[in-house]
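All values derive from a computational prediction rather than experimental measurement. Letters A, B, ... are given to chains in the order of the sequence lines, protein chains preceding strands, and every chain is numbered from 1.
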Amino acid sequence: MPVVLGFEGSANKIGVGVVRDGEVLANPRRTYVTPPGTGFLPGATARHHRAVILDLLQEALTEARLTSQDIDCIAYTKGPGMGAPLASVAVVARTVAQLWNKPLIGVNHCIGHIEMGRLITGATSPTVLYVSGGNTQVIAYSEHRYRIFGETIDIAVGNCLDRFARVLKISNDPSPGYNIEQMAKRGKKLVELPYTVKGMDVSFSGILSFIEDAAPRLLAAGECTPEDLCFSLQETVFAMLVEITERAMAHCGSQEALIVGGVGCNVRLQEMMQIMCQERGAQLFATDERFCIDNGAMIAQAGWEMFQAGHRTPLSESGITQRYRTDEVEVTWRD
Amino acid sequence: MAEASPDPALEAEALAAARERSSRFLRGLELVKQGAEARVFRGLFLGRAAVVKHRFPKSYRHPALEARLSRRRTLQEARALLRCRRLGIAAPVVFFVDYAFNCMYMEEIEGALTVRDYIQSTMEAENTPQSLLGLAERVGHVLARMHDGDLIHGDLTTSNMLLKPPLEHLNIVLIDFGLSFISGLPEDKGVDLYVLEKAFLSTHPNTETVFEAFLKSYSNASKKSKPVLKKLDEVRLRGRKRSMVG
Ligand SMILES: Nc1ncnc2c1ncn2[C@@H]1O[C@H](COP(=O)(O)OP(=O)(O)OP(=O)(O)O)[C@@H](O)[C@H]1O
Ligand SMILES: [Mg+2]
């Protein structure tokens with residue numbers, strides 16, 4: 001009955017989670033929120049994480065009703081992500097592992113999302129849409145790898161949404177994506193935006209530059225409201241995401257779709273994906289913000305799988321890496 | 001009460017009737033596959049073996065976006081298939097396009113196997129990609145000719161290439177041109193190859209040598225391959241260098 005403690009801090013969220021055999025015992029999280037019109041910078045984000053990580057650790061152990069002796073393994077995010085925040089969290093993971101004399105495991109952040117999604121939803125062999133601030137990938141498992149069938153050829157969908165929010169000075173609290181989603185519910189008019197799909201790949205940079213350029217003009221002329229822009233952006237980029245997911249499902253003959261990553265808690269995206277799945281007799285799996293958005297439990301869960309499969313990360317290899325592709329990891333814990 | 005301009009109500013009625021006729025016709029056909037874009041049926045069209053590709057409305061998309069995309073793609077697909085014939089690339093003959101219903105009637109490639117299934121069964125039987133190198137070379141030739149003719153496929157995968165019997169002749173037929181467009185830019189051709197590379201290697205584990213053989217054949221056969229392969233490298237690098245935050 002191994003208990004794994006997971007540390008996540010690759011972007012502006014920091015979380016510490018505890019998982020015991022598929023059961024999430026604790027999963028507290030804090031978010032570094034910046035003023036409207038601004039994004040989070042690596043140094044400031046790392047300072048935020050350093051300031052709260054020990055409180056979070058204590059909180060997680062208390063909530064799980066465990067002490068350090070009950071922990072069997074320490075998992076932490078090795079990458080991908082921002083260097084400074086990753087490093088600030090890895091230092092704590094390494095220190096704790098040595099203090100408590102526990103094995104350490106470096107986890108690929110994307111794999112953490114996938115394993116958490118599989119655990120929470122029970123999806124067995126899904127086509128995965130992984131959508132977040134830094135990643136947009138369509139993934140399916142075969143022969144010991146999570147293979148990337150499609151991805152963005154420029155910026156991630158979450159990045160596109162966040163930067164659009166900055167143009168409109170939409171609040172970053174709790175997240176730009178959440179506020180865009182609320183505003184989009186009041187939008188009515190569909191503004192025509194570029195729609196760029198290339199097979200199972202997508203591109204968002206054209207949409208972003210179009211809207212950055214057109215938004216001030218359209219708003220000043222009273223041709224549409226900020227709500228209409230949020231609505232149009234969501235309808236367009238989500239249609240692209242559903243389309244590439246469906247293309248991968250058709251190509252792989254898959255009858256399950258799983259959405260993971262921060263953008264995945266958007267209810268409109270889930271709704272669109274649900275309709276697509278229904279129309280092809282497939283099943284959709286999705287989770288809510290507790291598990292979609294970066295959290296410690298997802299790192300603990302992937303760490304748990306790796307621990308059971310015999311993985312260990314020696315101290316000499318316990319660094320971080322800003323770029324770490326999903327398909328680099330050999331998935332030894334699945335058939 | 002004579003009307004000078006056509007009555008919109010009557011026009012809508014005529015459109016609805018045409019749609020009803022088409023959908024009645026499709027109901028009599030055999031559904032072969034529900035792809036990502038369309039339902040593909042098999043049947044007879046004026047006595048010939050035909051495949052009918054129907055881009056039915058996707059209700060997850062906003063109606064305005066849906067109408068724009070389905071129409072554009074049906075049009076692009078028909079145009080590209082015609083261009084293939086002009087370029088001497090094997091592709092199904094278009095019999096008829098129903099733009100009111102976004103439905104395309106084309107020649108059925110009888111007894112065809114997708115390149116995807118062919119590679120998969122070869123790998124299962126032989127466990128080595130050795131015997132696939134000839135196929136890779138043929139694909140290289142076909143795509144070089146397509147790109148030299150400034151046709152970008154837009155959705156290159158091994159599902160969208162058919163092998164026409166007899167299979168050992170390795171006659172490749174290209175299909176599924178809904179995302180295609182005309183461009184002479186090396187960037188567009190490079191992205192086309194990049195999309196294929198990812199789809200190819202993720203679908204067919206342990207076939208890196210096959211893809212290399214394809215690229216080699218492409219670069220030998222194409223008159224304009226140099227800048228295209230340079231772009232391919234650039235696009236790959238962009239992918240690897242992209243910061244991945246969040
Ligand atoms: N002309 C044809 N002759 C024989 N079989 C065909 C023909 N056209 C299509 N098919 C079969 O139908 C399948 C789907 O066709 P196509 O790729 O055109 O549809 P799609 O919905 O666009 O697919 P995708 O999922 O790739 O978007 C093909 O993989 C092939 O097996
Ligand atoms: Mg196809």
Side-chain angles (χ1 to χ4, degrees), chain A residues 10-13 79-82 109-110 132-135 140 142-143 145 147-156 158-159 162 190 192 195 197-201 235-236 238-239 242-244 246-252 261-262 271-276 279-281 294 322-325 327, chain B residues 33-40 56-66 68-69 72-73 114 116-117 123 152-160 176 178-181 187-188 190-192 194-206 235-236 238-246:
Chain A
S10 62
N12 68 332
K13 269 81 61 182
M82 277 182 165
H109 178 84
C110 316
S132 65
N135 288 279
S142 76
E143 299 187 30
R145 301 247 170 212
R147 299 182 191 271
I148 303 171
F149 283 78
E151 64 188 316
T152 175
I153 57 174
D154 39 57
I155 59 172
N159 192 246
D162 293 356
L190 187 81
E192 192 172 320
Y195 185 99
V197 163
K198 301 189 183 288
M200 291 181 268
D201 287 348
E235 288 301 308
T236 307
F238 292 168
V242 175
E243 176 174 348
I244 60 168
E246 182 168 25
R247 186 158 292 125
M249 289 170 80
H251 179 71
C252 301
E271 189 180 277
M272 289 167 73
M273 200 66 94
Q274 177 69 45
I275 298 171
M276 179 275 281
E279 279 178 355
R280 54 185 310 112
D294 294 349
Q322 299 193 52
R323 285 176 259 284
Y324 189 10
R325 283 178 68 80
D327 54 10
Chain B
K33 198 192 159 196
Q34 178 160 341
E37 291 259 340
R39 294 201 176 100
V40 176
F56 65 99
K58 299 272 179 189
S59 34
Y60 69 78
R61 288 201 278 247
H62 188 283
L65 182 58
E66 162 55 38
R68 187 177 124 207
L69 292 179
R72 182 165 82 200
R73 290 174 179 185
T114 63
R116 171 180 184 273
D117 288 346
M123 288 299 283
I152 312 298
H153 184 282
D155 185 15
L156 286 175
T157 64
T158 49
S159 297
N160 290 335
D176 201 359
L179 299 179
S180 70
F181 57 101
E187 163 90 18
D188 290 327
V191 170
D192 220 20
Y194 177 69
V195 165
L196 175 63
E197 176 173 56
K198 227 162 6 152
F200 192 99
L201 296 177
S202 51
T203 311
H204 308 292
N206 312 317
V235 180
R236 281 174 177 155
R238 253 182 253 160
R240 254 173 272 134
K241 274 197 181 158
R242 185 177 37 248
S243 76
M244 295 184 286
V245 177

(request) Identify the two heavy atoms, one from A:Ser142 and one from B:Ser202, that lie closest to each other, and give their separation to 0.1 Å. (result) OG-O, 4.4 Å

(request) Please name the pair of heavy atoms, one in A:Arg247 and one in B:Ala36, separated by the smallest distance, quoted to 0.1 Å. (result) CA-CB, 3.3 Å

(message) Please give me the minimum heavy-atom distance between A:Ala250 and B:Gly35, naming the atom from each residue.
(response) CB-C, 3.9 Å

(message) Please identify, among B:Ala64, B:Gly178, B:Ser59, B:Ala199, the residue contributing the most non-hydrogen atom pairs under 4.5 Å to chain A.
(response) B:Ser59

(request) Tell me, for B:Leu65 versus chain A, whether the close heavy atoms (under 4.5 Å) come from the side chain, the backbone, both or neither. (result) both

(message) Taking side chain as everything from C-beta outward and backbone as N, CA, C, O, which of these in B:Glu37 sits under 4.5 Å from a heavy atom of chain A? Side chain, backbone, both or neither.
(response) side chain

(request) Quick one: which of B:Leu69, B:Asn160, B:Thr158, B:Leu196 has the most heavy-atom pairs under 4.5 Å with chain A, could you say? (result) B:Leu69

(message) Could you measure the distance from the CG atom of A:Asp154 to the CZ atom of B:Arg238? Nearest 0.5 Å is fine.
(response) 8.0 Å

(message) Using side-chain heavy atoms (C-beta onward) and a distance below 4.5 Å, is B:His62 in contact with A:Thr236?
(response) no

(request) Write down the atom of A:Gly199, the atom of B:Val195, and the distance for their closest heavy-atom approach. (result) CA-CG1, 4.3 Å

(request) Could you check which of B:Arg116, B:His153, B:Arg39, B:Lys58 has the highest count of heavy-atom pairs closer than 4.5 Å to chain A? (result) B:Arg116

(request) Only one of A:Met276, A:Glu235, A:Glu243 passes side-chain contact (heavy atoms from CB on, under 4.5 Å) with B:Arg61; say which it is. (result) A:Glu243

(request) State, to 0.1 Å, how close B:Ser159 and A:His251 come at their nearest heavy-atom pair, and which atoms those are. (result) OG-ND1, 2.6 Å

(message) Using the side-chain hydrogen bond (donor to acceptor under 3.5 Å, both in side chains) criterion, which residues pair with A:Gln274? Sequence neighbours excluded.
(response) none

(request) List the atom of A:Ile153, the atom of B:Val191, and the distance in Å for their closest heavy-atom pair. (result) CD1-CG1, 4.2 Å

(message) With a 4.5 angstrom heavy-atom cut-off, is it the side chain or the backbone of B:Phe56 that approaches chain A, or both, or neither?
(response) side chain

(message) Check this for me: A:Glu192, atom CD, are more than 12 non-hydrogen atoms of other residues, nucleotides or ligands nearer than 6.0 Å?
(response) no

(message) Only pairs of heavy atoms separated by less than 4.5 Å count here; which of A:Glu246, A:Glu271, A:Met200, A:Met272 has the most with chain B?
(response) A:Glu246

(message) Checking B:Tyr194 against A:Lys198 for the side-chain contact (heavy atoms from CB on, under 4.5 Å) test, could you report, in this order, the C-alpha distance in whole Å, the side-chain angles of both residues, the deciding distance, and whether it holds?
(response) CA-CA 10 Å; B:Tyr194 177 69; A:Lys198 301 189 183 288; over 6 Å; no

